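The structure under discussion appears below in the form of structure tokens.
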2 protein chains.
Amino acid sequence: MFEGRLLQGSLLKKVLEAIKDLVTDTNFDCSETGIALQAMDSSHVALVSLLLKDTGFDHFRCDRNLALGINLQNMSKMLKCAGNDDIITLKAEDEGDTITFMFESPNQDKISDFEMKLMDIDSEHLGIPDTDYQAIVTMPSAEFQRIVRDLSSIGDTAVIGVTKEGISFSTGGDIGKANIVCRQNTNVDKEEDQTTVEIHEPVSLTFALRYLNSFTKATALSPQVTLSLSKELPIVVEYKIEKMGFLRFYLAPKIEEGDDEEEA
Amino acid sequence: MFEGRLLQGSLLKKVLEAIKDLVTDTNFDCSETGIALQAMDSSHVALVSLLLKDTGFDHFRCDRNLALGINLQNMSKMLKCAGNDDIITLKAEDEGDTITFMFESPNQDKISDFEMKLMDIDSEHLGIPDTDYQAIVTMPSAEFQRIVRDLSSIGDTAVIGVTKEGISFSTGGDIGKANIVCRQNTNVDKEEDQTTVEIHEPVSLTFALRYLNSFTKATALSPQVTLSLSKELPIVVEYKIEKMGFLRFYLAPKIEEGDDEEEA
DNA sequence: AAGGTGTAAT
DNA sequence: ATTACACCTT
């Protein structure tokens with residue numbers, strides 16, 4: 001059987017909030033080392049990768065590797081029934097076709113059991129090569145969210161450029177143009193307000209703002225976000241989940257000059 | 001060229017919030033003494049007048065008088081991309097057809113440039129005679145906003161009457177009648193809670209609440225609002241902008257007994 | 001306190 | 001269909 005007990009249940013709630021609009025159905029791959037999830041978004045443009053390591057759970061047990069096929073919209077509905085301070089336990093039998101969510105209120109006065117039907121989903125295990133990126137920027141996640149939202153009100157795509165001075169975001173549309181530059185700054189009071197740039201080579205890539213915007217639904221998971229860029233490679237937008245792992249989003253760059261490129 | 005740097009950028013954001021629903025396109029008239037704007041609302045019933053004096057800017061330069069034709073909806077969109085604590089700089093070339101908004105975050109780590117296309121707009125320079133009003137009332141802007149909103153839920157027009165005792169607002173509709181009286185009070189702790197009446201002659205005029213309601217979008221600009229009334233003249237609803245000037249709204253009174261008077 | 005969402009009105 | 005208001009959530 002599989003069982004994972006998560007003291008900070010709100011983490012799981014946030015993860016589902018962050019991905020339920022991007023991916024409809026996917027497998028939660030449970031093994032003795034934790035829970036992993038990889039899925040393309042419904043239009044097959046972006047990729048989501050989640051890791052929740054066993055060590056982040058209060059209690060974790062997984063006798064046999066399981067691929068739990070889950071409709072994220074439905075799972076999210078159920079997790080909405082958990083209080084933000086609730087302890088959440090996930091359970092599944094080895095041969096069962098359901099998953100159980102157990103919610104314990106902080107004072108243990110209320111115990112809820114929610115059972116959800118599992119689905120059979122072909123797992124597409126996508127090998128994501130571990131690349132050395134040309135530029136890695138870590139910045140406050142709220143700032144990234146704000147920038148992406150602001151640019152979305154002006155244009156559809158953004159050019160993200162990194163130099164050793166900092167990171168820039170540009171867009172253009174019918175009403176005008178916008179360019180936002182964030183300088184590297186390591187001299188701030190709080191570590192989470194830092195913007196740091198680790199760079200091997202300057203890089204400049206174009207992305208659809210619509211997807212970047214979706215990714216920022218994960219802002220609540222971490223005060224910082226890490227953007228990794230390399231020429232002609234998908235950007236990686238990573239939110240670290242304290243003690244547990246990460247939630248990563250991958251998005252392929254738009255090919256410049258390619259005016260016949262449109263999302264579905 | 002024209003360039004104005006405004007340390008308290010939120011002022012400009014608030015000004016646009018206040019007028020963008022009333023006026024669609026208008027000229028910002030820039031001269032060496034500051035920025036002025038005058039425009040009729042789209043249904044040609046109300047008039048907006050804005051003054052931002054050069055002295056209120058951190059830095060102000062205007063080599064040549066410019067009439068910058070601007071779509072307020074678009075400008076507002078761009079200003080929404082400025083943080084509330086950002087420093088905002090406006091720039092325009094003498095012969096250019098764009099205006100640039102530059103936003104500097106408080107710690108200078110984020111610098112944004114937004115460029116917007118200008119439009120050609122016939123400037124309607126409306127001479128507003130400097131009248132001696134029969135009654136001038138200054139009151140808390142939030143209180144005025146609340147009164148106008150409350151009356152709007154009962155009726156379409158309000159009778160505003162001023163005597164030396166105070167100011168009264170009345171309306172009536174299908175569901176009933178309402179009458180709100182605010183007495184002059186100068187004995188309050190905070191100056192901004194005062195209501196003062198300066199009167200030469202009692203006056204009573206009728207106005208469309210819909211427009212008064214629009215005007216109160218400017219409430220955030222000033223803790224106090226000044227209402228100036230004279231028989232058969234438009235009411236002036238003025239919000240002073242600290243160190244910079246004012247935002248004024250003019251609205252002609254409804255002629256009593258004239259039931260064939262309707263806004264477009 | 002502010003942003004987002006949902007609803008209601010034009 | 002669009003826009004403004006209110007409510008609710010973060």
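What you are looking at is a predicted structure, and each value in this text was computed from that prediction instead of being measured.
Contacts of A:Arg149 with the nucleic acid, taken as non-hydrogen atoms under 4.0 Å apart, involve only primed sugar atoms and P, OP1 or OP2. Among the heavy atoms of the strands lying under 4.0 Å from B:Lys217 are primed sugar atoms or P, OP1, OP2 only; no base atom is included.
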task = Quick one: do A:Asp21 and A:Lys217 satisfy salt bridge (Lys or Arg N to Asp or Glu O under 4.0 Å)? Show the steps, please.
result = CA-CA 9 Å; A:Asp21 293 330; A:Lys217 294 256 165 69; 3.5 Å; yes
query = When you look at A:Thr226 and A:Thr138, which way does the side-chain hydrogen bond (donor to acceptor under 3.5 Å, both in side chains) test go after all the steps?
reply = CA-CA 4 Å; A:Thr226 299; A:Thr138 300; 3.2 Å; yes
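Protein atom CG of B:Asn213 is 15 Å distant from nucleotide atom P of C:dA9, rounded to whole Å. Between the CG atom of B:Leu209 and the P atom of C:dT10 there is a distance of 14 Å, rounded to whole Å. Residue B:Lys80 contributes atom NZ, which lies 10 Å from atom P of C:dG3 at whole-angstrom precision. Rounded to an integer number of Å, the gap from A:Asp21 CG to C:dT5 C1' is 13 Å. If you take NZ of B:Lys13 and C1' of C:dA1, they are 14 Å apart, rounded to a whole angstrom. Following rounding to the nearest Å, B:Asp41 (CG) and D:dA4 (C1') show an atom-to-atom distance of 16 Å. As a whole-Å value, the separation of B:Gln145 CD from D:dA6 P is 10 Å. D:dA4 atom P lies 14 Å from atom CD1 of B:Ile19, rounded to whole Å.
Taking side-chain N and O atoms only, B:Arg210 has no distance below 4.0 Å to OP1 or OP2 of C:dT10.
With hydrogens and angles disregarded, no donor-acceptor distance shorter than 3.5 Å links the side chain of B:Thr195 to the backbone of B:Met139.
In summary, the aromatic rings of B:Phe101 and B:Phe114 are positioned with their centroids too far apart to meet the 6.0 Å limit.
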